[in-house]
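I have placed the structure first, in the form of structure tokens, so that the comments after it can refer back to it.
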Amino acid sequence: MGLHKTVEKLDEYLKRLDQGQVQKIKPSHVEKVIRKLEAKKALLLDELAETGKPDKRERLQAKLGIVHDQLERAHWLQGEIGKPEGSGGDE
């Protein structure tokens, strides 16, 4: 699954959360998305370390920023689906 597909999957899970369909989001699926994002991050970091071209470094750093943002979203989602229903966390 490429980065684009992984982000689409995460967007789909977040949409389900917004629609109140938390029960349709399996924690194992979110964990799989996180693993894929972590793997992509590692690949990008390796590639960044090996490249010397400034324009390619910029593109890789931009991709790393995207992966970082998506990881934050995925971890947030993971925390949200672990909460009991009706728990707003504002107690």
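The model shown is predicted, which means the values in this text are computed figures rather than measured ones. We're numbering straight along the sequence, starting at 1. Values reported hereafter were calculated over all heavy atoms of this structure, with side chains retained and with hydrogens, waters and symmetry mates removed.
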Arg73 and Gln70: side-chain donor and acceptor closer than 3.5 Å? yes
Trace of the salt bridge (charged side-chain N to carboxylate O under 4.0 Å, His left out) decision for Asp55 with Arg59: CA-CA 6 Å; Asp55 56 331; Arg59 287 194 308 273; 3.8 Å; yes
Ignoring hydrogens and geometry, is there a side-chain-to-backbone donor-acceptor pair from [X] to [Y] under 3.5 Å?
| X | Y | result |
| --- | --- | --- |
| Arg57 | Thr51 | yes |
| Thr6 | Gly2 | yes |
| Arg16 | Ile25 | no |

Gap separating the [atom1] atom of [X] from the [atom2] atom of [Y], nearest 0.5 angstrom:
| X | Y | atom1 | atom2 | result |
| --- | --- | --- | --- | --- |
| Glu80 | Asp18 | CD | CG | 10.0 Å |
| Ile66 | Leu71 | CD1 | CG | 12.0 Å |
| His29 | Leu77 | NE2 | CG | 12.5 Å |
| Leu44 | Leu64 | CG | CG | 4.5 Å |

With the side chain counted from C-beta on, respond yes when Tyr13 and Ile81 share a heavy-atom pair under 4.5 Å apart, and no when they do not. no
Considering only heavy atoms from C-beta outward, does the side chain of Glu72 approach that of His68 to under 4.5 Å? yes
Given side-chain contact (heavy atoms from CB on, under 4.5 Å), test Gln21 with Leu17 step by step and report yes or no. CA-CA 5 Å; Gln21 300 174 342; Leu17 180 67; over 6 Å; no
Yes or no on side-chain contact (heavy atoms from CB on, under 4.5 Å) for Lys41 and Leu45, after CA distance, side-chain angles and deciding distance? CA-CA 6 Å; Lys41 179 181 173 182; Leu45 286 171; 4.1 Å; yes
Should Leu60 and Leu43 be counted in the same cluster of Ile, Leu, Val, Met, Phe, Trp and Tyr side chains packed under 4.5 Å apart? no
Mind listing the closest non-hydrogen atom pair of Leu37 and Ala74 along with its distance? CD1-CB, 4.4 Å
What's the verdict on side-chain contact (heavy atoms from CB on, under 4.5 Å) for Lys36 and Lys5, showing C-alpha distance, side-chain angles and the deciding distance? CA-CA 11 Å; Lys36 287 184 177 287; Lys5 293 253 187 209; over 6 Å; no
Charged N to carboxylate O under 4.0 angstrom, Glu31 versus Lys26? no
